[in-house]
Every structure is written in C-alpha cells, then in structure tokens.
Protein chains: 2
Amino acid sequence: MSHRSRVYTITMPGQRAVQRQSLPDVIANDIRERILSGELEEGMPIRQDALAVEYDVSRMPIREALKRLDAEGLVVFTTNRGATVVKHSPAEVEEIFDLRTMLETDLFRRSIPRMTEADLIHCETLLEAMEVSYDTNDVGQWGALNSEYHLALYAAADRTLSAELLHRLNLQCDRYVRMHLSVMHMREPARADHRKLLEMARKRLIEEGCAILENHIQRTKQQLLELIAEKKPD
Amino acid sequence: MSHRSRVYTITMPGQRAVQRQSLPDVIANDIRERILSGELEEGMPIRQDALAVEYDVSRMPIREALKRLDAEGLVVFTTNRGATVVKHSPAEVEEIFDLRTMLETDLFRRSIPRMTEADLIHCETLLEAMEVSYDTNDVGQWGALNSEYHLALYAAADRTLSAELLHRLNLQCDRYVRMHLSVMHMREPARADHRKLLEMARKRLIEEGCAILENHIQRTKQQLLELIAEKKPD
DNA sequence: GGACATAAATTTGTATCCAATATACGAGAG
DNA sequence: CTCTCGTATATTGGATACAAATTTATGTCC
C-alpha cells in the first residue's frame with residue numbers, strides 16, 4: 001500500500017549517477033502507471049491529500065505531478081474541484097489512433113532509408129523481448145516494449161518532436177489497449193506484423209512497410225472500438 | 001514594467017461570467033505572450049522570484065505557470081537550475097512546420113465536406129479581420145487571427161484532439177514567425193492563399209484546397225528557414 | 001600569478017499554514 | 001412531503017517559511 005521512502009536516494013553509494021529526477025517526476029511516473037494500469041478509474045476524482053499521505057510527502061509535489069499529467073492529457077483539472085482521470089469518447093479513441101497512423105507512417109517513411117545495421121539489430125532485440133512478454137502474458141511489459149519497439153523503428157528518422165508527440169499519444173491510448181488487450185484476440189496478427197515491419201525495413205521497402213504499419217494500427221483501432229462498443233451497455 | 005493587480009477581476013460589475021481562470025492560468029498566458037513576442041529571449045534563464053514580484057504573487061503560481069509552459073514546450077526545466085526559454089534548431093523548426101502540414105491537410109480534408117454555411121461565414125469574418133491587421137501591420141494580432149482562422153477552417157472536422165495538438169504546434173512556431181514576419185516579404189502571397197482556401201472550401205474542392213494549404217505552409221517554412229539561415233552568422 | 005578548495009549568497013524545491021471555494025447535510029417554509 | 005436556503009465540513013488554491021542544491025566569490029597553497 002505504501003510507496004515509501006524517497007525513491008530519490010536509492011543509488012548505490014559511490015555510484016556516479018545521482019538520481020536526477022525530481023520528486024514530482026517520480027510521483028508523476030508512478031501515478032501515470034496507476035492510471036494506465038486502470039487502478040485509477042476514469043472519471044474518478046483524485047484527492048491530493050490522500051495521495052500525499054500514500055507517498056509520504058506534502059501535497060505540493062503531488063500537485064505538480066498532477067499538473068504534469070494534466071498537461072499530458074491523462075487527468076483534467078476543474079478549478080477548486082481538483083483533478084479527475086480523463087475519459088475519452090470512442091470518437092476520441094479513434095482520433096488518437098488516426099493521429100498515430102499519420103505520425104508513424106511519416107516517421108517510418110523517413111526512417112527506413114536511413115536505418116543503419118545497428119538500428120536494425122536494436123529493433124531485433126526489442127522484438128525478441130516483446131515476443132517473450134507475449135508468451136509470459138505480461139501485459140504491462142508488453143505495452144512498454146511495444147511502444148519502445150515502434151519508437152526504435154523510427155529512431156533513424158531523427159525527428160525528436162514527432163517522436164515526443166507520438167509518445168504522448170501512446171500514453172493516451174495505452175490505457176484502452178491494456179484494458180482490452182487481455183482478451184488476446186488481436187495479438188497474433190499483431191505479432192506477425194511486428195516482424196514484417198522489421199523485414200520491410202531491412203529490405204528498404206518503404207511503401208510496403210508503411211502499408212503494413214497503417215494496417216497494423218488501423219486494425220488495432222478497429223478491434224479496440226468493437227470491444228469498447230460491446231462493453232458500453234453497462 | 002509592472003503587471004499589477006490581479007488580472008483576475010476585470011469583469012464588468014453585474015456581468016454574469018465571473019472570471020473563472022485560475023491565477024496560474026492567467027500568468028501562464030501572460031508569460032507565454034512575453035515569450036512569443038520575444039521579450040523573453042531564447043536560452044534566457046527565468047528567475048521565479050523576479051516574476052513573482054513582477055506579478056505581485058508568491059512563487060507558487062509562477063511555478064505552476066512555468067510547469068504548464070514546460071509541458072507546452074515553450075520553456076524547459078533543469079532540476080535545481082530552473083527554467084529557460086527553449087531554443088529550437090532550424091531542423092526542429094522545419095519539423096514543426098512539417099507536422100503542421102500533415103495535421104492541417106488531414107483536418108482540412110475532413111472538414112470541407114462537413115462545413116455548413118455558418119462555418120463558412122465565420123471564416124469569412126475572421127479573414128476580413130485578418131486583412132485589416134495586415135494593413136495596420138499589427139503583427140501580434142495578425143498571428144492570433146491567423147491561428148484562429150486556420151482553426152475555424154477545420155472546426156467542422158470536429159477533431160478536438162487534433163485541433164488541440166495543432167494549437168500547441170502553432171505556439172511553438174509562432175515565435176519564429178513573428179520574429180521574421182516583420183520583414184513583410186512573405187505576406188502578400190499568404191494573403192492570397194488564405195482567400196483561396198476559403199474559396200476551395202466553398203466549392204468543396206477538397207484536393208485542390210489541400211494542395212494550396214500544403215503549399216502555403218511549406219512556402220512559409222521555406223522562407224522562414226532562409227531568414228533564419230541568413231541571420232544565423234551573428 | 002594561477003588553480004583548487006572552501007565558504008557565502010542566490011535560487012530552486014518542499015513543507016506547513018491560512019484563506020477561499022465547493023459539496024453535503026439539515027432545518028425551515030411552502 | 002418537497003424544495004430551498006443556510007450552515008458545516010472537506011478540499012483545493014496561494015502565501016510564507018525552511019531546507020537543499022547550485023553558482024559565485026574569496027582565500028590559501030603551490
């Protein structure tokens with residue numbers, strides 16, 4: 001229950017890298033994870049004071065953390081009424097996936113011609129790690145690796161702002177993916193897609209790769225929307 | 001020099017809408033404007049205390065405002081070293097415009113078939129206001145109207161997240177546009193473009209409209225990059 | 001005279017405290 | 001019995017105060 005003790009100073013003594021994250025950073029990361037995992041539900045009001053005692057800090061860093069998540073679009077503030085976890089309409093979920101499609105195909109298109117052998121190997125490594133988490137059914141880790149793999153495919157594009165934007169979008173929809181992904185329906189074709197994406201990159205087949213990518217994201221979107229629609233009437 | 005007295009309560013007495021913006025909101029808006037206008041220069045460190053006395057508030061709302069601007073990408077925080085105004089490389093400026101091109105053409109494409117007469121009239125109104133600010137040479141107002149006009153063109157698309165994202169991107173590049181726009185070179189063709197965009201929307205000529213839009217943004221990008229390149233060696 | 005170490009001062013980050021606002025509950029009137 | 005108004009409580013927003021960290025300045029040693 002308790003998230004004790006200043007995650008702040010857990011570095012080994014004598015180790016150089018003195019944990020440079022600020023308290024609000026650490027807390028924001030943790031709360032974000034709790035939102036994405038579904039522990040903090042949609043529309044649920046967030047009590048700053050409660051979180052403050054949980055993390056054993058004052059309300060100030062909590063507020064900053066929440067403000068950050070507000071900026072990321074994961075929670076929403078109402079003046080003098082505090083923060084609640086955002087709730088996206090199906091239309092908005094669809095929009096998020098469409099934006100991802102645009103951004104990712106653009107990035108992939110720019111990236112493929114510039115990918116080095118090292119880039120390809122890095123992707124391969126992530127792909128294999130991801131396949132392990134398929135099998136062990138570790139949804140949380142799979143989600144993280146999935147994001148990371150996609151970003152690795154686009155790293156050679158060297159488009160920091162786009163990548164940052166994409167990361168934000170992923171945070172937005174990750175929650176829904178996780179909520180429904182446990183159903184497992186969609187994961188086999190996705191698995192094949194992921195491999196094919198890397199293959200196309202290797203062969204420098206730009207248009208073919210982008211087509212697969214577009215299909216990949218749009219299919220995920222479609223399946224997700226169907227699952228949401230099914231679950232809606234409760 | 002002084003930004004006195006709670007911008008908070010400037011509503012007419014008896015008016016219903018009791019200013020509901022929080023202090024950090026108001027302050028963030030003002031600081032944002034100061035950054036966009038170039039008053040706060042690139043790379044310049046921002047002293048929280050100095051701003052606090054300027055606005056006659058404690059450092060707390062200032063911090064929140066800066067955190068918000070940090071999330072918007074206008075300032076960047078370094079732990080224990082405070083905030084500085086972000087500095088974009090030419091490559092990043094280029095990326096911003098490319099992202100705008102993608103987003104805006106997508107929005108325009110979705111919007112055109114759905115625009116009502118009311119939408120068209122609203123655009124017309126903004127267009128005329130913008131032409132006035134061309135002539136009076138009010139750069140600040142022109143920038144705001146330009147943003148608003150573009151958003152109005154896409155309103156019918158009903159894509160709130162995309163519009164929000166676009167708004168953020170506009171904030172990012174607005175500063176550079178304003179810095180160089182005073183040169184006036186580019187404004188005449190842009191003026192013509194703006195009118196043509198509305199025309200195309202009226203005639204429901206989707207592809208033609210998007211082509212003009214893409215050209216419009218890309219040309220602005222090109223001119224801006226040239227101006228930046230010229231000015232670089234100082 | 002220069003470089004490193006140490007100390008002072010400025011500045012950020014966090015906590016506690018107070019005020020303002022919203023929600024919840026209860027009493028009284030219609 | 002229900003609706004409205006008023007009061008009480010809880011929660012957020014902002015200010016003051018304090019601690020940690022960084023940068024600047026000073027002094028000593030080589």
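So you know, we letter chains A, B, ... as the sequences are listed, proteins then strands, and number each from 1.
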request  = Report the distance from atom CG of A:Leu66 to atom P of D:dT11, rounded to the nearest whole Å.
outcome  = 15 Å
key: Basic-acidic side-chain contact under 4.0 Å: A:Asp158, A:Arg110   = no
key: Non-neighbouring partners of A:Thr105 that pass side chain to side chain donor-acceptor pair (under 3.5 Å), sequence neighbours left out   = none
query = A:Asp70 has an atom CG; how far is it from atom C1' of D:dG13, in whole Å?
reply = 15 Å
query = Which is true for B:Ile27 with a 4.0 Å heavy-atom rule: it touches a base, it touches only sugar-phosphate, or it touches nothing?
reply = nothing
inquiry  = I need the CG-P distance between A:Leu51 and C:dA15, as an integer number of Å.
reply    = 14 Å
message = Please pick, from D:dA15, C:dA22, C:dT11, the nucleotide with the shortest atom-to-atom distance to any side-chain atom of A:Asn80.
response = C:dA22
With sequence neighbours excluded, residues passing side chain to side chain donor-acceptor pair (under 3.5 Å) with B:Glu42 = B:Lys87, B:Tyr176
Atom pair distance, as rounded to whole Å: CD in A:Glu64 and P in C:dT14 = 7 Å
ask   = Between C:dT11, D:dT12, D:dT23, which one does the side chain of B:Arg47 approach most closely?
value = C:dT11
task = Can you tell me the distance, in whole Å, between the CG atom of B:Asp25 and the P atom of D:dT12?
result = 17 Å
ask   = Closest to the A:Pro61 side chain: D:dT11, C:dT14, D:dT22?
value = C:dT14
query = Donor-acceptor pair under 3.5 Å: do we get one between A:Arg63's side chain and the base of D:dG14?
reply = yes
Sugar-phosphate, base or nothing in reach of B:Arg59, heavy atoms under 4.0 Å = base
task = Grab the CD1-P distance between B:Ile62 and C:dT11 for me, whole Å please.
result = 15 Å
ask   = Of the nucleotides D:dA15, D:dG13, C:dG13, which has the atom closest to the A:Gln48 side chain?
value = D:dG13
inquiry  = How close do B:Asp119 and B:Arg114 get, counting heavy atoms only, and between which atoms?
reply    = OD2-O, 4.2 Å
note = For A:Arg168 and A:Ala71 the tightest heavy-atom approach is NH1-O, 4.2 Å
task = Please check the phosphate of C:dT12 (OP1 and OP2 only) for any side-chain N or O of B:Arg81 closer than 4.0 Å.
result = no
query = Of the nucleotides D:dT11, D:dT16, D:dT22, which one has an atom closest to the side chain of B:Met60?
reply = D:dT16
request  = Describe the nucleic acid contact of A:Ile46 in one word from base, sugar-phosphate, nothing, applying a heavy-atom distance below 4.0 Å.
outcome  = sugar-phosphate
remark   = A:Phe77 has its side chain closest, among D:dG13, D:dT22, C:dT14, to D:dG13
